[in-house]
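In what follows, a single structure is set out as structure tokens and then discussed.
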Amino acid sequence: MATATTIAKLPKHVGQTVTLSGWLYNSRSSGKLAFLILRDGTGLCQCVLEKTDANAELFQTAKRLGQESSLVVDGQVRADERAVGGYELIVGDLRVVQNVEGYPISPKAHGTEFLMNHRHLWFRSKRQWAILRVRSTLVDAIRRFYNDRDFVLIDTPIFAPSAGEGAQTLFEADYFGDTVYLAQTGQLYVEAAMMAHRKVYCFGPTFRAEKSKTRRHLTEFWMVEPEIAYADLDDVIELAEDFVCEIVQRVLRDHRAELELLGRDLNKLENITKPFYRMTYSDAVDLLHGDRAREKFESDLAAAKSRVEQLSKEINEKEAERTAQGTKKWKVEKLAQEIADAREELTDAEELVRNIPHHMELAANFEWGSDLGGSDETVIARLHDRPVFVTHYPAACKAFYMKRNLNDPRVLDCFDLLAPEGYGEIIGGSQREDDLDILLERMKEENLDTAPYEWYLDLRRYGTVPHGGYGLGVERTLAWICGLKHIRETIPFARMMGRIYP
RNA sequence: UCCCCGAUAGCUCAAUUGGUAGAGCGAGCGGCUGUUAACCGCUAGGUUGUAGGUUCGAGUCCUACUCGGGGAGCCA
């Protein structure tokens, strides 16, 4: 009697007869042998069917199964180096739940528009499967970090009567005739809860109507926001440092296989340990004006230029070989794919060559007082091999609730955490302004009507204490951990400017 | 809001200075006893994003629009 099991558990069943249920990922066959690659959600397994007099009909059925046909397979488990994952199933019997015709996503290359339009099917593919498994663990690691430290989970509302931060980027909704907004942060609410529970966090989706079409932006993304009472800026930064180390190490521990499948350089993640680098905003400005930044830009530019040259040469050579007389068909196809990959890389390199001089100019002419741009963050992060905390930004570039520094009133007790390798800002946080009068002054400067914030001001009236917290964007963090080029692959169904289907 | 790039078969792409729209994959059929995005042969598959314009002739040049990709600003 065959035992039902899953592909992940096959090593425990070598020599036994088991039943697997799943979907046909790919298949190959010859006159007497068929290889069915079965996908069951836990992994891939090669199922081998040999044609005999007794199973001629079954063999014929198996050969004609379309990609993603749903199947239940009985067979004997055998270790074999030639098979994906090292184990295979010698098929005894096979039941077809549905024979599929015309599955749109073939094992060959597709463009992003096509794949995003078929996102509901795309995430059956290996890479997407790996990413979403890592996401699941990342979310678990986040929850565990706070739960293990006695933080209380507070779910904050998604319908908000007023802006949490910048008012220009709110999605509006009709609420029985009133205009309300989709939350862009849970932070103000979490501050109220912090006064009741001391250490709290919220974790949920947030919405930003930013008209940004870039590889770093979603209109709906997940954010975790801890908030702690009786804490100053250093306490908050230390918490953030421990937090990032722990979630990265947890993913590294549980998902080496997935990260390797994604082509991630694991050394870079193993290097994510305490202490991270810290610099003030003013230090960052000096860095941008200095030789190190300029040299980094120059070496990046030189590298991009030589890459462009090298790729162009490579493409020409491969193109010549591809179109030459007598090149084998499979070789032609392989070359075509390599050429396509090289062209994509070439486009990126050419873009760098165009942009770097502009970025150099931005950095060299950067004026104290404005917020760091994407290219500024990139060069700062790329000059360091671990994440960098940039602290004490000028008041004008940050939110009204951040605490004014007592020694230098021009700046705030706040920080951003920049991820390495150019992944940009993954955390923004601060000590909060606990003085009612200064807070009111800040709101006046920002032209904020106090009426919708009366409840928030009450927190300063009744038992105010030094406190602080931060917000971490899950998708940007995941993109960094997985080494992904684009944030759209980090969330099951990406919501971005110009994309709402499926 | 602004700048750059793109749209050709179901998919990924070719098509020389403007001159008969092709290939691979996928699909269908046949072959092959260990394949690894298998391979080999045959078949079907097209109003070149939309609307105008230039021209003897437009996939190719021009204009507008639509959709998509990347970036700036803004941000996690």
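Sequence lines set the chain letters: A, B, ... in the order given, protein chains first and strands last, and positions in each chain run from 1.
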Stepwise side-chain contact (heavy atoms from CB on, under 4.5 Å) test for A/Phe151 and A/Ile228: CA-CA 9 Å; A/Phe151 280 69; A/Ile228 43 180; 3.5 Å; yes
What interatomic distance, in whole Å, is found between [atom1] of [M] and the corresponding atom of [N]?
{"N": "B/A23", "M": "B/A44", "atom1": "P", "value": "12 Å"}
{"N": "B/A7", "M": "B/U47", "atom1": "C1'", "value": "16 Å"}
{"N": "B/C32", "M": "B/C42", "atom1": "C1'", "value": "16 Å"}
{"N": "B/C65", "M": "B/C11", "atom1": "P", "value": "27 Å"}
{"N": "B/U12", "M": "B/G49", "atom1": "P", "value": "14 Å"}
{"N": "B/C5", "M": "B/C61", "atom1": "P", "value": "13 Å"}
{"N": "B/A64", "M": "B/G71", "atom1": "P", "value": "26 Å"}
{"N": "B/A37", "M": "B/U1", "atom1": "C1'", "value": "43 Å"}

Tell me: [atom1] of [X] to [atom2] of [N], nearest whole Å?
{"X": "A/Arg215", "N": "B/C4", "atom1": "CZ", "atom2": "P", "answer": "19 Å"}
{"X": "A/Arg499", "N": "B/U66", "atom1": "CZ", "atom2": "P", "answer": "18 Å"}
{"X": "A/His358", "N": "B/A72", "atom1": "NE2", "atom2": "P", "answer": "8 Å"}
{"X": "A/Leu44", "N": "B/U35", "atom1": "CG", "atom2": "C1'", "answer": "15 Å"}
{"X": "A/Ile142", "N": "B/A76", "atom1": "CD1", "atom2": "P", "answer": "16 Å"}
{"X": "A/Phe221", "N": "B/C75", "atom1": "CZ", "atom2": "P", "answer": "12 Å"}
{"X": "A/Asp371", "N": "B/A76", "atom1": "CG", "atom2": "P", "answer": "9 Å"}
{"X": "A/Asp376", "N": "B/G73", "atom1": "CG", "atom2": "C1'", "answer": "13 Å"}

Write down the atom of A/Ala183, the atom of A/Pro157, and the distance for their closest heavy-atom approach.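 What the structure gives for the nearest pair is CB-O, 3.5 Å.
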[X] side chain: which of [options] is closest?
{"X": "A/Arg82", "options": "B/G34, B/G73, B/A76", "value": "B/G34"}
{"X": "A/Val48", "options": "B/G34, B/A76, B/G73", "value": "B/G34"}
{"X": "A/Arg488", "options": "B/A37, B/G26, B/G69", "value": "B/G69"}
{"X": "A/Thr214", "options": "B/A37, B/U35, B/G73", "value": "B/G73"}
{"X": "A/Glu210", "options": "B/A76, B/U33, B/G34", "value": "B/A76"}

Any side-chain donor paired with an acceptor under 3.5 Å for [X] and [Y]?
{"X": "A/Gln187", "Y": "A/Tyr401", "result": "yes"}
{"X": "A/Gln67", "Y": "A/Ser106", "result": "no"}
{"X": "A/Gln46", "Y": "A/Arg82", "result": "no"}

Would you be so kind as to tabulate the donor-acceptor pairs closer than 3.5 Å made by side chains of residues 468-487 of chain A, with sequence neighbours excluded?
unit_1, atom_1, unit_2, atom_2, d
A/Tyr470, OH, A/Tyr146, OH, 2.7
A/Glu475, OE1, A/Trp222, N, 3.0
A/Glu475, OE2, A/Arg135, NH1, 2.9
A/Glu475, OE2, A/Arg135, NH2, 3.1
A/Glu475, OE2, A/Trp222, N, 3.3
A/Arg476, NE, A/Arg216, O, 3.2
A/Arg476, NH1, A/Glu425, O, 3.2
A/Arg476, NH2, A/Arg216, O, 3.4
A/Thr477, OG1, A/Gly473, O, 2.7
A/Lys485, NZ, A/Glu344, OE2, 3.3
A/Lys485, NZ, A/Asp348, OD2, 3.1
A/His486, ND1, A/Arg488, N, 3.0
A/His486, NE2, A/Arg488, NH1, 3.4

Runs of at least three consecutive pairs that involve RNA chain B, where pairs are Watson-Crick or G-U with distances under 3.5 Å: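 Stems for RNA chain B, defined as runs of 3 or more consecutive pairs: B:1-7 with B:66-72, B:10-13 with B:22-25, B:27-31 with B:39-43, B:49-53 with B:61-65.
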If you measure from the ring centre of A/Phe35 to the centre of the six-membered ring in the base of B/G34, is it under 5.5 Å, with the planes under 30° apart?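 Base of B/G34: not stacked against A/Phe35.
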Using a cut-off of strictly less than 4.0 Å, decide whether A/Arg64 has a side-chain nitrogen or oxygen near OP1 or OP2 of B/G30.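 It does, given that an N or O in the side chain of A/Arg64 lies less than 4.0 Å from OP1 or OP2 of B/G30.
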Does a side-chain N or O from A/His110 land closer than 4.0 Å to OP1 or OP2 of B/C13, or not?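 Looking at the OP1 and OP2 atoms of B/C13, neither is under 4.0 Å from any side-chain N or O of A/His110.
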Using a 4.0 Å heavy-atom cut-off across all strands, classify [X] as base, sugar-phosphate, or nothing.
{"X": "A/Lys211", "value": "base"}
{"X": "A/Arg216", "value": "base"}
{"X": "A/Gly424", "value": "nothing"}
{"X": "A/His217", "value": "base"}
{"X": "A/Phe114", "value": "sugar-phosphate"}
{"X": "A/Arg127", "value": "nothing"}
{"X": "A/His118", "value": "nothing"}
{"X": "A/Ser29", "value": "base"}
{"X": "A/Gly111", "value": "sugar-phosphate"}
{"X": "A/Glu475", "value": "nothing"}
{"X": "A/Leu33", "value": "base"}
{"X": "A/Glu220", "value": "nothing"}
{"X": "A/Ile427", "value": "sugar-phosphate"}
{"X": "A/Lys63", "value": "base"}

Could one point to a donor on the side chain of [X] or the base of [N] with an acceptor on the other under 3.5 Å away?
{"X": "A/Glu113", "N": "B/G6", "value": "no"}
{"X": "A/Thr112", "N": "B/G68", "value": "no"}
{"X": "A/Ser212", "N": "B/C75", "value": "no"}

Distance in Å, A/Arg78 CZ paired with A/Leu10 CG, rounded so as to fall on 0.5 Å steps: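 It comes to 13.5 Å.
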Quick one: on RNA chain B, does A/Gly373 or A/Lys51 contact a more 5' nucleotide (nearest heavy atom)?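 Of the two residues, A/Lys51 wins.
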Please determine if A/Arg386 forms a cation-pi arrangement with A/Tyr277, meaning its NZ or CZ atom is less than 6.0 Å from the six-membered ring centre and no more than 45° off the ring axis.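 Cation-pi check for A/Arg386 and A/Tyr277: passes.
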Is it the case that the ring center of A/Tyr103 lies less than 6.0 angstrom away from the ring center of A/Tyr25?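 Judged by ring-centre distance (under 6.0 Å), A/Tyr25 and A/Tyr103 do not meet the cut-off.
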Aromatic contact between A/Trp368 and A/Tyr281, with the criterion being ring centroids under 6.0 Å apart: yes or no?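 Between A/Trp368 and A/Tyr281, the centre distance is under 6.0 Å.
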Could you walk me through whether A/Leu20 and A/Cys45 satisfy the side-chain contact (heavy atoms from CB on, under 4.5 Å) test, starting with their C-alpha distance in whole Å, then the side-chain angles of each, then the deciding distance to 0.1 Å, before giving a yes or no? CA-CA 9 Å; A/Leu20 292 176; A/Cys45 174; 4.1 Å; yes
